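The shown structure was predicted, so the numbers you read here are calculated from the model rather than taken from an experiment. We name chains A, B, ... by the order of the sequence lines, and we start the count at 1 in each one.
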Amino acid sequence: MRPLLRDPATLLPSLAAAAPHLHLLRALHAHLLVSGRLATPSHLAAFVASLVSSSHHHLDYARLVLPGRPATLLAHNALLRALARGPRPGLAFAAFRGLPLPPDNYSLNFLVRAATALAAAAAAERPVPVPVPAEVSARLLAVSAHGAAVRLGHAADPHVQSGVVSMYAALGDVAAARAAFAEIACPDLVCVTAMVGALAAGGEVDAARDLFDGMPLRDHVAWNAMISGYVHVGRSREALRLFDEMQRAGAAVGEATLVSVLSACAQIGALDHGKWAHWYMRSQGMRLSITLGTALVDMYSKCGAVAAAMEVFESMGERNVYTWTSAVSGLAMNGMGLECLELFERMENAGIQPNGVTFVAVLRGCSMAGLVEEGQACFDSIKKKHGVDPWLEHYGCMVDLYGRAGRLDDAINFINDMPVEPHEGVWGALLNASRIHNNVELGKYALDKLLAIESENDAAHVLLSNTYAESQNWKGVSRVRGMMKNKGVKKVPGWSAIEVDGKVHEFFVGGKSHPRYKEIEMMLAEMSRRLKPEGYAANTKEVLFDIEEEEKEGAISLHSEKLALAFGLIALPEGVEIRIVKNLRVCRDCHDYTKLVSKVFDREIIMRDRNRFHHFKDGKCSCKDYW
DNA sequence: ATAGGGTTAG
């Protein structure tokens, strides 16, 4: 005979996921008691899980229900699992200690997951100078969970093994992950993959790659771990190469893969690759999730395709802080300060709480567009309206805002009024402002402060040297050169990347290794020839100061962006814009040079440097020579 | 009758 009503107990599994209200749970409890089903372990376990699930935390209720029942691990493990997944994973440890039965491999696994959740939460907190207490306690709990697994004889369980490895990875402790992994006699594929992930996320990509290459089988998760590892350390070209291999190997390309691929494209400005990824996800009918959509917005923004970025942004049904921040920051990077402020206002109206990263983006937008008053208002609102203490970076942005606008006094007063000790970013901003406005004295002052904090900052030395150079103070330039030599400060080598026919070409300062270098050399000569009548003379003020005076002109012509530019003129058909991505700030000479090339060769050139975009057209740049 | 590895913003 079929029951007339659906048995309420069948609702249990879905209730566990749905965070039900207390009255519903009480009714269910009554039903389970009356029908006697609460005595069966599976029903009890499911009921406990629904009590402790997600935000509705009826923990005390669960604690009342459990002791009155014959103790089963099934029910207690359900509690552990729910606690580990819940908003306060630390509670799983107390429950574990209070277990009325010897824990099994499942219990240990849930305990390890709880420690992982704590570690991840601690890592997600803003980096602060000293380790946060959450991190310290996460570490202690991780070690104790691992110890418990070993002590209780569950260290050989494959689920526990992979869990322990990724737990240490979540803590950011690669050494501990390595040590734990070394103890495992026969790690299975999932466990090896976890180790690949741990190494990759910890920045040890080459070690990760060795392990990865040695795997007899690799599924899509292993590929994803490896690809994201490359992206993480900025080796995006290798990431894209590996992605090609992944496809040839027939591994499943999913959301996680594409997010990493898009991030790689964003880093090196590989717009064609990025467009392809966008096309691919559409052709596969993939849903535009928040994560994927955000990665797309970021990719298009960082490739200088703001319109496309905004199109994706507007088409998204759901957005979170990351999405909004990416869009706001995209507008800022592209010098669209007013639009950036407008979007920020929309964000606030939409009820999305901005965070510190958002404010950095807005302040940078103001700084680039010279919107001093607006930036001031934004800075004040951080504390007044949002009740958040500004980060040091926000102070740095303000110094940059005043400094770029030429309001050096305001910048200095601002620094003097800071309630916290200025950090290197603040002095760096002041140093940069001194360079822009040729104030050598102030530059020296800022550099002294900067070096007192961070004595090996290469960018600082380069900035000071450039400040000297712009005021023709060659003695000063060589003094900085000496300082750098003495301290062993190495200048980060500049590179520029350009994408042609879906292939990314990378150029380094003075590099001659490109297969088409002969043609590039000829093109460079032609460029010089055609630029001379336009009044171009190599600007030897800002140069690499490790090069002797008489070599300057020759050396300048080989800055990586010039090589990329020459290659773009050769390899890209007329009428196609040239897109170049560079890892450092573009120097004044290359900026002047590129402006003229855009006019003489009638090309649009879009150059992304360390800080922002430059859209060159008809001999002018979108930054209005202000960067 | 409960478990595992990979994914976004400055």
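Judged by distance alone, the side chain of A:Ser367 and the main-chain N or O of A:Leu363 form no donor-acceptor pair under 3.5 Å. A:Arg608 contributes a side-chain N or O that, together with a main-chain N or O of A:Gln267, makes up a donor-acceptor pair within less than 3.5 Å. Side-chain N or O atoms of A:Arg218 include none that pairs as donor or acceptor with a backbone N or O of A:Ala251 at under 3.5 Å. Remark: the backbone N or O of A:Tyr322 is not paired with any side-chain donor or acceptor of A:Thr325 at under 3.5 angstrom.
Comparing B:dA3, B:dT8, B:dG5 by their nearest atom to the side chain of A:Asn105 picks out B:dA3. Listed candidates were B:dA9, B:dT7, B:dG4. Nearest to the side chain of A:Lys302 is B:dA9. When the nucleotides B:dG4, B:dG6, B:dT2 are ranked by their closest atom to the side chain of A:Asp104, B:dT2 comes out on top. Across B:dT8, B:dG6, B:dT2, the shortest atom-to-atom separation from the side chain of A:Ser228 is found for B:dG6. Looking at the side chain of A:Tyr322, the nearest of the listed nucleotides B:dA3, B:dG4, B:dT8 is B:dT8. Of the candidates B:dA1, B:dT7, B:dG5, the closest approach to any side-chain atom of A:Thr291 belongs to B:dT7.
A:Thr294 comes within 4.0 angstrom of a base, heavy atoms only.
Scanning atom types as modelled, one donor and one acceptor separated by under 3.5 angstrom connect the side chain of A:Thr193 and the base of B:dG5. Between the side chain of A:Asp219 and the base of B:dG5 there is at least one donor-acceptor pair of N/O atoms closer than 3.5 Å. Counting distance only, with no hydrogens placed and no angle test, the side-chain atoms of A:Asn355 and the base atoms of B:dA9 include a donor-acceptor pair under 3.5 Å.
With salt bridges taken as basic N to acidic carboxylate O contacts below 4.0 Å, none links A:Arg209 and A:Glu238.
Put simply, CE on A:Met215 is 12 Å from P on B:dG6, counting in whole angstrom units.
Ring stacking holds between A:His159 and B:dA3, with the centres under 5.5 Å apart and the planes within 30 degrees of each other.
Side-chain nitrogen and oxygen atoms of A:Arg113 include at least one within less than 4.0 Å of the OP1 or OP2 phosphate oxygen of B:dG5. Residue A:Ser263 places none of its side-chain N or O atoms closer than 4.0 Å to OP1 or OP2 of B:dT8.
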